[in-house]
Amino acid sequence: MRTDRPLRVVLAEDSVLLREGLIGLFTRCGHEVVAAVGDAAALVAAVEEHAPDIVVTDVRMPPGFQDEGLHAAVRLREKRPTLPVLVLSQYVQRMYASELLDSGDGTGVGYLLKDRVGQVEEFMDALGEVADGGTVVDSEVVRQLLRRRRDPLERLTPREREVLALIAEGKSNGAVARELVVSEAAVGKHISGILTKLDLPPATETHRRVLAVLAYLRA
């Protein structure tokens with residue numbers, strides 16, 4: 001669900017080249033970068049000053065280039081549980097995704113590989129989804145989570161696995177139906193079957209369902 005409203009963005013990225021490229025991209029798409037910083041301390045200060053609609057941050061930042069950006073985002077969401085945060089990572093790190101998903105009130109979070117930035121439309125859709133309180137997780141992370149658990153995922157049919165992977169990426173029922181070339185009613189039945197087989201309670205909101213599924217997968 002892509003938002004049409006302009007967003008006020010705080011961007012944290014230590015690579016000057018990527019940072020400037022993202023500023024240009026956000027601006028062309030109608031959003032305002034209210035602050036663009038290169039380290040975790042500056043990220044926290046910028047959010048305090050500007051109260052943005054969304055934070056976009058790299059995981060690894062100065063001074064240690066470990067997970068400073070991620071931890072700054074988690075700390076910010078401890079103070080502001082509904083602050084939308086989209087984290088960009090160079091590599092798949094399941095623990096980073098799990099820590100982010102557990103932060104705040106569980107809504108408005110995204111974890112994407114930096115490669116996705118080049119897929120402009122999908123990246124901007126993800127930005128809007130997270131800003132609107134949704135959850136977006138990179139498909140490669142989803143695949144790794146799926147590989148982690150063999151039981152009870154073995155109870156799912158191949159089609160249900162496909163649906164599970166797509167909804168975990170933040171796709172709506174309609175988007176899943178279009179990608180799999182099936183009806184929305186069929187997607188709804190698959191989702192009902194998935195929730196039943198995984199012993200998950202029914203959910204009325206897409207991001208709540210995604211969070212429940214991912215929480216189960218990483219348990």
Side-chain angles (χ1 to χ4, degrees), residues 1-93 95-97 99-105 107-138 140-141 169-170 207:
M1 180 175 60
R2 181 176 178 177
T3 185
D4 292 324
R5 62 188 171 93
L7 300 171
R8 299 175 68 255
V9 181
V10 164
L11 171 64
E13 169 57 57
D14 65 285
S15 167
V16 175
L17 184 62
L18 180 55
R19 187 167 68 234
E20 291 301 316
L22 285 170
I23 292 171
L25 175 60
F26 292 145
T27 302
R28 288 196 301 275
C29 291
H31 304 304
E32 178 188 4
V33 179
V34 295
V37 301
D39 62 71
L43 166 59
V44 173
V47 171
E48 293 287 345
E49 178 181 353
H50 297 284
D53 297 315
I54 187 169
V55 169
V56 179
T57 181
D58 188 9
V59 168
R60 298 183 177 185
M61 301 187 71
F65 293 98
Q66 297 297 318
D67 51 9
E68 290 85 352
L70 175 77
H71 282 298
V74 171
R75 289 198 305 273
L76 287 168
R77 282 173 59 84
E78 289 174 352
K79 294 181 179 180
R80 297 176 173 80
T82 61
L83 175 68
V85 172
L86 177 58
V87 168
L88 304 178
S89 179
Q90 190 70 41
Y91 309 103
V92 175
Q93 291 282 355
M95 110 181 134
Y96 290 163
E99 188 170 356
L100 179 66
L101 290 165
D102 287 335
S103 67
D105 70 349
T107 66
V109 290
Y111 181 93
L112 295 178
L113 294 181
K114 289 186 176 180
D115 289 347
R116 305 296 184 221
V117 175
Q119 301 169 17
V120 175
E121 185 172 355
E122 291 183 15
F123 178 60
M124 298 312 296
D125 280 344
L127 182 79
E129 179 75 23
V130 172
D132 285 341
T135 303
V136 178
V137 180
D138 196 279
E140 184 57 32
V141 176
E169 291 174 32
H207 68 269

Pairing residues for E32 by the salt bridge (charged side-chain N to carboxylate O under 4.0 Å, His left out) criterion, not counting sequence neighbours: none
side-chain contact (heavy atoms from CB on, under 4.5 Å) against D115, all qualifying residues, sequence neighbours excluded: none
Of all the heavy-atom pairs spanning V44 and A72, show the shortest one and how long it is. CG2-CB, 4.0 Å
Enter the distance from R60:CZ to Q66:CD here, rounded to the nearest 0.5 Å. 6.5 Å
Measuring from D132:CG to T107:OG1, what's the distance to the nearest 0.5 Å? 11.0 Å
Any donor-acceptor pair under 3.5 Å from R77 side chain to V109 backbone: no
Which atom pair, heavy atoms only, marks the closest approach of A46 to A35? CB-CB, 3.8 Å
All heavy atoms of P62 vs all of G38, minimum pair found to be CD-O, 3.2 Å
Quick check for you: to the nearest 0.5 Å, what is the distance between L86 atom CG and L112 atom CG? 5.0 Å
Could you report the tightest heavy-atom contact between V34 and R8, atom names first, then the distance? CG1-NH2, 3.6 Å
Can you give me the closest heavy-atom contact between L76 and V47, atom names plus distance? CD1-CG2, 3.7 Å
Scanning both residues in full, the closest heavy-atom pair of V136 with A126 reads CG1-CB, 4.0 Å
Which of these, L11, L7, V10, sits in a side-chain contact (heavy atoms from CB on, under 4.5 Å) with V33? L11
Mind checking side-chain hydrogen bond (donor to acceptor under 3.5 Å, both in side chains) for H71 and listing every partner two or more places apart, or none if nothing turns up? D67, E99
For the CG atom of L88 and the CZ atom of F123, what is their distance to the nearest 0.5 Å? 5.0 Å
Sequence neighbours excluded and cut-off under 3.5 Å, please list the side-chain donor-acceptor pairs for residues 13-25, or say none.
residue : atom : partner : partner atom : Å
E13     : OE1  : K114    : NZ           : 3.2
E13     : OE2  : S15     : N            : 2.9
S15     : OG   : L18     : N            : 3.4
R19     : NH1  : E13     : O            : 2.6

Partners of R75 by salt bridge (charged side-chain N to carboxylate O under 4.0 Å, His left out), sequence neighbours excluded? none
Name all residues meeting the side-chain contact (heavy atoms from CB on, under 4.5 Å) criterion together with A12; count only those two or more places apart in sequence or in a different chain, and write none if there are none. V37, L43, T57, M61
Would you give the length of the straight line joining atom CG of D53 to atom NE2 of H31, rounded to the nearest 0.5 angstrom? 9.5 Å
